[in-house]
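As structure tokens, the structure follows; a few thoughts come after it.
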Amino acid sequence: MAAVVADQALENSNVSSIKSLAESQALNSVPSAYAFNINPNDEADPNDPEFAIPIVDMSLLTSGSPDERAKIIRDLVKICEEWGFFIAINHGVPESLMKEMIDACHGFFRLSDEEKKEFKSGNDVLEMFKYGTSYNLALDKVLLWRDFFKVRTHPEFYSLYKPASFSEISLEFSRRSREVALEITRAISESLGLEPDYIYNTMNMVRGLQMLAGNYYPPCPQPEHAIGIPHHTDHGLVTLLIQNEMNGLQVEHNGKWLTVNGPKNGFFVNLADQMQILTNGKYKSVMHRATVNNKATRISIAIPHGPSVDTIIAPAPELCEREGQAPKYLAMNYKEYIQLQQSGKNYMKSTFDHIRA
């Protein structure tokens, strides 16, 4: 009976936003269109030392002694090979700016559905901005318990024009977070035994794609039977993420799903697909997902950084030659890779399967 009531609530909401559905008085269970079962046996014990999330002190990269910087670079090798994920602290982005960005995102999601619909667009990830719920309502087999917006912030800067403060805050936050991402790519280049600017230059990051993606996950009456974002990897080079006080990000490590809990002023950093391709599989693009809860709204902001959209990405010849390996992945234009990942044939599947050499 509960499922019938939930499905009626879904019909009445016309799925314009999960926020509207979640606020429906009739909702007391997850509508069948959102049904997604999470196996608690697949979740990691956060107290197990095996699942202690790596932490990288960015101040030692930017202002530490040569020995301190060298140690961080060495540590990054193991982190990128085994995890593809870490938490960056002391990164130089003011905690006040991070909070302002989260508040601005919350302000957007508080707008009426009619106002938010002004930002709706098609399914092209490279559009200036877009707003919606789920990925693609025409393709998704399971609807997602989240609303989102995405804005392209580099190489050209675009912004939502509502709420009024959004543009100014997002410009500064995007600029400062890009500085952090570029410092991380320099350190990763060095960890590979390459020149610090190797990734920046090879990936044409002077014109690199940067997005600002806000996610809104309202409370869910049955969080174990819904999903915010299912398991996936990101298509770029490196993604930074911040959130409000609610956890929900899970990363896959050693076959288990670990809920990420970190300092509120830290950046969650995950390596993405182009980094795995460039390093010929040496560094991993981490599988991750977003779970939901029944207590309070979670807001997360992801800032993906990638090559320029016209760059052809392939395993670095210098690394293949040094390791005595043949390229494991076919070369592909970054824009075409994004379109392949977003296509229906890759729904909850690995895009790597289509480009293995």
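Predicted model only: the values in this text are computed from it and were never measured. Only heavy atoms go into these numbers, but all of them, side chains included; no hydrogens, no water, no symmetry mates.
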Using residues 95-103 as the side-chain source, report each donor-acceptor pair under 3.5 Å to any protein atom, sequence neighbours left out, with the distance given to one decimal.
from: K99; atom 1: NZ; to: D103; atom 2: OD2; distance (Å): 2.9

Only distances under 3.5 Å count here; give the side-chain donor-acceptor pairs of residues 266-274 to other protein atoms, sequence neighbours excluded, each with its distance to 0.1 Å.
from: N270; atom 1: ND2; to: D234; atom 2: OD2; distance (Å): 3.2
from: D273; atom 1: OD1; to: T233; atom 2: OG1; distance (Å): 2.8
from: D273; atom 1: OD1; to: S285; atom 2: OG; distance (Å): 2.7
from: D273; atom 1: OD2; to: T233; atom 2: OG1; distance (Å): 3.3
from: D273; atom 1: OD2; to: Y337; atom 2: OH; distance (Å): 2.5
from: Q274; atom 1: NE2; to: H235; atom 2: O; distance (Å): 2.9

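Under the ring-ring contact (aromatic ring centres under 6.0 Å, His included) criterion, F129 pairs with F119, not counting sequence neighbours. Partners of K78 by salt bridge (charged side-chain N to carboxylate O under 4.0 Å, His left out), not counting sequence neighbours: none found. In terms of the ring-ring contact (aromatic ring centres under 6.0 Å, His included) criterion, residue partners of H253 (sequence neighbours excluded) are, by chain and number, F51, W83. Remark: E114 engages K117 in a salt bridge (charged side-chain N to carboxylate O under 4.0 Å, His left out) (not counting sequence neighbours). Residues that satisfy the salt bridge (charged side-chain N to carboxylate O under 4.0 Å, His left out) test with K284, not counting sequence neighbours, are absent from this structure. Partners of H288 by ring-ring contact (aromatic ring centres under 6.0 Å, His included), not counting sequence neighbours, listed by chain and number: H232.
Here ring-ring contact (aromatic ring centres under 6.0 Å, His included) pairs that include residues 311-330, with residues two or more places apart or in two chains, are Y329-F352. The ring-ring contact (aromatic ring centres under 6.0 Å, His included) contacts involving residues 166-185 comprise F149-F166, where partners must be two or more places apart or lie in separate chains. Applying the salt bridge (charged side-chain N to carboxylate O under 4.0 Å, His left out) test to residues at least two apart or on different chains, the pairs with a partner in residues 298-317 are R207-D310.
Under a 4.5 Å side-chain heavy-atom cut-off, the cluster of Ile, Leu, Val, Met, Phe, Trp and Tyr residues that includes W257 is completed by M287.
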